[in-house]
Amino acid sequence: MKHTIYALTMFALAACTSPKEKAIDRHALVTRNNPEVTAMDSLSSLSVGNGEFAYTVDATGLQTFPEVYKNGVPLGTQSQWGWHSFGNPENYKPEEALVEYDFGHGHKELYATQPKEPGRAKEASDWYRVNPHRLHLGIIGLELGNEVRPSDVQNIQQSLDMWNGIINSRFTLKETPYYIQTVCHPERDMIAARLSARQPAGIKFHFPYPTGGHCDDACNWEANDKHSTTLVSEDAQSAVLKRTLDATTYYVTISWEGPAKLSEKSANYFVLTPTDSIFTFTCQFTPQVSASPILTFTEVQQASSGHWKNYWTQGAVADFSQCTDVRAKELERRVVLSQYLLAIQCTGSTPPQETGLTYNSWFGKFHLEMIWWHQAQFALWGHPELLDRTLSWYETVEPIARQIAERQGFKGIRWMKMTDPSGLEAPSKVGSFLIWQQPHLIYLAELLYRANPSEELLKKYNSLIQETAEFMYSFATYEEEHDRYVLKGAIPAQETLRAAETVNPPFELSYWHFAMQVAQTWRERTGMERVPEWDVLIEKLSPLAYNDEQLYLAAETAVDTYKDIRFTSDHMAVLGAVGILPMNQLIHAGYMKNTLHWIWDNWNWDKTWGWDYPMTAMNAARMGEPEKAVSALLMDKRTNTYLVNGHNYQDGRLRIYLPGNGGLLTTVAMMCAGWDGSEGNNPGFPKDGKWNVRWEGLQPLP
């Protein structure tokens, strides 16, 4: 009933305030957090995008100096459709990367892993791990010549106007002032720019070959013989280029206003040279020749402005301006910037990679155990349609997920971990053994339903939910001796544990309990009978294992959890058992609070990830420790750093990490709107008079 009331009253933006209190000034909230850049800083690049496509710029407002940003936040131009594979002359097959295991489920199981021994199996595994990989579609920057250096760009004043989705960049170059505006179309893979300068500079369109690297900007500039860029058509105001990279092709449509000339400088390098001091152009990337009408800069700017105003006014917001705690301003900055970043990076037709559409990590592939961290927040922040857009992809890869379950001897469908739009499972010595991505579909579909209950949603997702639960039931093992169900033969979310020796990891047990209950609820909503065997599983799942100090273990088999640093590094996934998930019969609240306190004081925090801090905060909130919840979100650790552009910095490899941003938003929504059974307003914030958080439109967690 609580959720139905929330869903029916989304239009009433007074969920946390009295009816007499003024509505939040959303324009002021967003614009006071617009990022400002005043230097050529490789970690301060800014992006525009629409969820399907994103374009990242340096301090000039375009991609003028990609080499400066290569090892920072790179100047990416990426899409959801832009993928490439190197040739496969040896004709490797996916099944050649499969290795047989026996984890005690009563049958042999085939996993796509990474063999260590040299030979064809290892070669096949290596090929499918790299291929396909996401493309950098092309650099679009100022053509300044080799004599101009980044240090020549002076007096930088750059800002991202998040209310309108436009980057405004001012600077001087050789005493000439420049003003550049950069914007992305909300529905096309298109950027538009307006340049104003007394001495107009040319615009370069420079196209790389992919590197196939694990984590890089995907730009190989030393392989012009392996790809081509040809001029397909041209007139006085536009041109179409065709890109050919092995079996991959795509098209680049450039249009401009005013006199300008497009010329080929060298292989895969074109320059558009204007003559007027004010110059505008657009550039669209498409997998086929575009049949859409050419748009002007003004038309793109207006479309962007309308889109972003709608985004900010129709969704949820949280205003920290009336809080007196000194940390509140920074928390608000992180929240607003995360709302923007996730909208441009993580709302596409396929799940997002951990570095979004900015640069490649894990070859540009996405990880399904991360989709909850990226996108659960959309259902809580008033944009369930953005989550639904991505979640629809699961239906397209259901046949592959079914094949994975079948080859491992299980029923139902087993969702892959590391993959690409095709759903092909990338071989992994860790990822293929994870199981915590399995219940995500059930959880996310439930969030969609709570945000907007409808028969359409039930019809759309119920079959996938039931088949997912069928695998989960099939995967659990019944121990007759102890009259219980156990989970084994998997690497848990805390990836320092090994599949062959891990039994009953706590987060996975709690997740199985929650998701199987939700699957039964969906059966009832759609007029189906409950599955009696599933109810038995729910009732007889093993309780979380603990030690003599009443601290929960990393797994029932990890008896040295609090002695071996391997078990107190990486994700403290035990806290996710209550936090991400609601309290359940497998868990003793006092023992969980003991565990939270021990982790807080003793965990190897330097070996954590960006979403570990939101996970800790969610646990603390449910455990009645709101001060710890706030402190976890703002803990001063490297992997909890948020750059000027809002990105969650991890380390030299992962300079951005969007699961951290998404986890932050999910946690703040929960701390404001609460969770099933919570009481009062802002239950996750301290009641010390310093946290008067105002919010509108947020939804609670289960």
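If you're wondering where the values come from, they're calculated on a predicted model, not measured in any experiment.
- If you look at W372 and Y443, their ring centroids are closer than 6.0 Å.
- The aromatic ring centroids of Y511 and W436 lie 6.0 Å or more from each other.
- Put simply, the side chain of Q650 gets close to the backbone of G610: a donor and an acceptor are under 3.5 Å apart.
- Taking the six-membered ring for Trp and the full ring otherwise, Y461 and W522 have centroids separated by 6.0 Å or more.
- Salt bridge absent: E385 and R389 never bring a charged side-chain N and a carboxylate O closer than 4.0 Å.
- K329 NZ: 12 or fewer foreign heavy atoms inside a 6.0 Å radius.
- Counting heavy atoms from C-beta outward, N360 and K365 have side chains that stay 4.5 Å or more apart.
- Aromatic ring centroids of H133 and W83 lie 6.0 Å or more apart.
- Contact check for D651 versus T639: no side-chain heavy atoms found under the 4.5 Å cut-off.
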Practice item. Give the intermediate values and the outcome of side chain to side chain donor-acceptor pair (under 3.5 Å) for residues Q375 and T390. Key: CA-CA 9 Å; Q375 292 180 286; T390 306; 2.8 Å; yes
Point to revise | Verdict with reasoning, T666 to L380, per side-chain contact (heavy atoms from CB on, under 4.5 Å) | key: CA-CA 7 Å; T666 297; L380 307 177; 3.8 Å; yes
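- Residue Q157 qualifies as open at atom CD: its count of foreign heavy atoms under 6.0 Å is 12 or below.
- Side-chain contact between V252 and Q284 is absent, with no heavy atoms from C-beta onward closer than 4.5 Å.
- Of the possible polar contacts, one joining the R26 side chain to the T313 backbone as a donor-acceptor pair under 3.5 Å is found.
- With respect to D676 and R622, no salt bridge is recorded, no charged nitrogen being found less than 4.0 Å from a carboxylate O.
- Here the side chains of Y359 and C215 are in contact, with some heavy-atom distance below 4.5 Å.
- Within the 6.0 Å centre-distance limit, the rings of W611 and H571 are counted as a close aromatic pair.
- Contact check on R32 versus D319 returns a salt bridge, with a Lys/Arg side-chain nitrogen under 4.0 Å from an Asp/Glu carboxylate oxygen.
- A heavy-atom distance below 4.5 Å is not found between the side chains of I166 and W308.
- With respect to D388 and K460, a salt bridge is recorded, a charged nitrogen being found less than 4.0 Å from a carboxylate O.
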Review point. After noting the C-alpha distance and the side-chain angles of F279 and W256, does the key distance pass the ring pair (Phe, Tyr, Trp, His ring centres under 6.0 Å) rule?
Key: CA-CA 8 Å; F279 178 67; W256 56 90; 7.5 Å; no
Exercise for review: Could you walk me through whether Y179 and F171 pass side-chain contact (heavy atoms from CB on, under 4.5 Å), step by step?
Suggested key: CA-CA 7 Å; Y179 177 38; F171 58 93; over 6 Å; no
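- With a 4.5 Å cut-off on side-chain heavy atoms, L654 and T355 count as touching.
- Checked against side chain to side chain contact (heavy atoms under 4.5 Å, CB included), E299 has the following partners two or more places apart in sequence or in another chain: L295, T296.
- F285 has its ring centre no less than 6.0 Å from the ring centre of Y251.
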Point to revise | Worked verdict on R194 versus E257 for salt bridge (Lys or Arg N to Asp or Glu O under 4.0 Å) | key: CA-CA 10 Å; R194 181 182 187 274; E257 298 174 80; over 6 Å; no
Point to revise | From CA spacing to verdict: side-chain contact (heavy atoms from CB on, under 4.5 Å), N168, Q158 | key: CA-CA 6 Å; N168 296 292; Q158 184 181 51; over 6 Å; no
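- Annotation: F366 is not in aromatic contact with H374 [ring centroid separation under 6.0 Å not met].
- With salt bridges taken as basic N to acidic carboxylate O contacts below 4.0 Å, none links E330 and R327.
- Within the 4.5 Å cutoff, no side-chain heavy atoms of Y449 are placed close to those of N462.
- Proximity of W691 to M671: side-chain heavy atoms (C-beta onward) are nowhere separated by under 4.5 Å.
- The distance between the ring centers of F53 and H185 does not fall below 6.0 angstrom.
- The two residues G579 and L701 have their closest heavy-atom pair at O-CD1, 4.2 Å.
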